[in-house]
Amino acid sequence: MYYISTRGHADRKRFCEILLEGLAPDGGLYMPVAYPQVDDATLSRWRTVYHTQGYATLAFEILSLYIDDIPADDLRALCAKTYTAEVFGTGEIVPLRHLQDCVWIEALSNGPTLAFKDMAMQLLGNLFEYELGRRGEELNILGATSGDTGSAAEHAMRGKKGVRVFMTSPHGRMSPFQQAQMFSLQDANIYNIAIKGVFDDCQDIVKAVSNDLAFKRKYKIGTVNSINWARLLAQVVYYFAGYIQATEQNSQKVSFSVPSGNFGNVCAGHVARMMGLPIDKLVVATNENDVLDEFFRTGVYRVRGTADTHETSSPSMDISKASNFERFVFDLLGRDGARVKALFGEGLSQTGQFDLRADPVFAQAAATYGFVSGKSTHANRLDTIRSTYELHGMVIDTHTADGLKVALEHLRAGVPMVVLETALPIKFASTVVEALGREPERPAQFEGIEDLPKRVLVMDADVSAIKALIERECATVV
Ligand SMILES: *Cc1c(COP(=O)(O)O)cnc(C)c1O
């Protein structure tokens, strides 16, 4: 399998080459040259694989269609090591919970940090360690986080040979629970850096360091952000596992509703559908930051400014632009890299928007690709959390509530609707308390984590100080 850029660059790369890279050289995102097709016989075989051999083996089957530069036995072992009941809480890894007639919740948030990002990040940690070991190289991951991504990355990379994580976060701005999840890690290769500033200051530091190409090369600076193809690929697996659990035969269709921010999660659903998984609708659910809902309703993609980006009670979906969206537009435009480049390159940086309203391909976005959308507000989240508890005795988190609210607007008779649960309620406890008047349940292993000793450096928003820290720590062996 070869990978190409969405912006038409001539390079063709293999999986392990793009694994440790960010963007393609022309600023595009990597995509497989073609989607492997899953026929009826294969889907039936995978049904049996999931039920008899489990999620890890299903993951191996799917990943091996896209990864042909890791020996099959090694890839199988990496999947087996990643998707265990110890790490993800159950043997099914992603069990479906029945909510009401035709509506299911797919549990994706029982990994170490209680959000769906663990599903991909845990695999990424093992892939990185494997590939770096094979090359005899090191990698220094530099990131900026306001919550879920940073903690998922740290828990995936802790103790991994050859990898250090330097994670910046805005000092004092994450919830006590999120701070504890990151700062309680005592691993020598994990560096928590609380920056005296806001999230944008953290992102600016990461950009400044990455733009110093000599420094970047010398100190092997990398990232783990959501545009990484390996993360997206790992997420494709749970669409298959959700489908298999919701159906008995391949003639049935299933819809998925996905709480969306950067379009990474739902883009994995698009890939599964393009491979031939019988998905009816892909429901894109946004919060008040409705860049994506606006596009699917109107055909206009309009990036928001800082002043236009709202802080909401589903904060992991508070985005100003959707960084994986370019992947879908590449398919929508018939994989015309030059056009994607024109839209997302200069076009977007000059005017902050593009308009596909008049383009016949836009009219087909729903029919051909199954996308529909909707949005949910703070009041909707409170209502949905409350009614889900009152009607079904189930407590859901704020992001999952956005997904469920929009899912219920797109139900079709006889078609199971699977809502992806993207976090557990304890991570966003204050809104759950606002809705229900009581604290959500806390898994036993998280009892009292706020009181554990913290390992964190508090630093000014000063690029040269961060560089000096990286230089100093690179003198030690990991
Ligand atoms: C990251 C995240 C999302 C958004 O996922 P995307 O892949 O960016 O669309 C939704 N909910 C939670 C809890 C998250 O952490």
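Atom set for the values below is all heavy atoms of this structure, side chains included, hydrogens, waters and symmetry mates excluded. Counting convention: from 1, in listed order, for ligands and their atoms alike. Here the structure is a predicted model, which is why all the values come from computation and not from measurement.
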Apply the side-chain contact (heavy atoms from CB on, under 4.5 Å) test between Ile396 and each candidate in Asp402, Ile385, Leu424; give the one that qualifies. Ile385
Asp148: numbered ligand 1 atoms lying under 4.0 Å from its heavy atoms: 12 (C), 13 (C), 14 (C), 15 (O)
Aromatic ring proximity Tyr50/Phe240, centre distance under 6.0 Å: no
Can you find an N or O of Phe116 that's nearer than 3.5 Å to an N or O of ligand 1? no
Quick one: look up the protein heavy atom nearest atom 7 (O) of ligand 1 and list residue, atom name and how far away it is. Asn265 N, 2.9 Å
Within the structure, does Ser260 bring an N/O atom to less than 3.5 angstrom of an N/O atom in ligand 1? no
If you have a sec, work out which protein heavy atom is nearest atom 4 (C) of ligand 1 and how many Å separate them, to one decimal? Gly261 N, 3.6 Å
Against ligand 1, does Pro259 come closer than 4.0 Å with any heavy atom? yes
Check whether more than 12 heavy atoms from other residues, nucleotides or ligands sit under 6.0 Å from atom NZ of Lys454, and answer yes or no. yes
Gly264 heavy atoms, cut-off 4.0 Å: which ligand 1 atoms fall inside? 6 (P), 7 (O), 9 (O)
Quick check: does Ala423 get an N/O under 3.5 Å from an N/O on ligand 1? no
Give the residue and atom name of whichever protein heavy atom lies nearest to atom 8 (O) of ligand 1, and the separation in Å to one decimal. Asn262 N, 2.7 Å
Nearest protein heavy-atom contact for atom 11 (N) of ligand 1: which residue, which atom, what distance? Thr422 OG1, 2.9 Å
Ionic contact status for Arg412 with Asp280, cut-off 4.0 Å: yes
May I ask you to check if ligand 1 and Lys117 share an N or O to N or O distance below 3.5 Å? yes
Do Thr422 and Asn265 meet the criterion of a side-chain donor-acceptor pair at a distance under 3.5 Å? no
Any nitrogen or oxygen of Asp397, side chain or backbone, less than 3.5 Å from one on ligand 1? no
Residues Arg304 and Glu294 bridged, charged N to O under 4.0 Å: yes
State whether Arg381 and Glu434 are salt-bridged, where the test is any N-O pair (Lys NZ or Arg NE/NH1/NH2 against Asp/Glu carboxylate O) under 4.0 Å. no
Establish, yes or no, whether a centroid distance under 6.0 Å links the rings of Phe88 and Tyr83. yes
Does the ring centre of Phe344 sit less than 6.0 Å away from the ring centre of Phe354? yes
Phe263-ligand 1 polar pair, N/O distance under 3.5 Å: yes
May I ask you to list the atoms of ligand 1 that are less than 4.0 angstrom from any heavy atom of Met317? 10 (C)
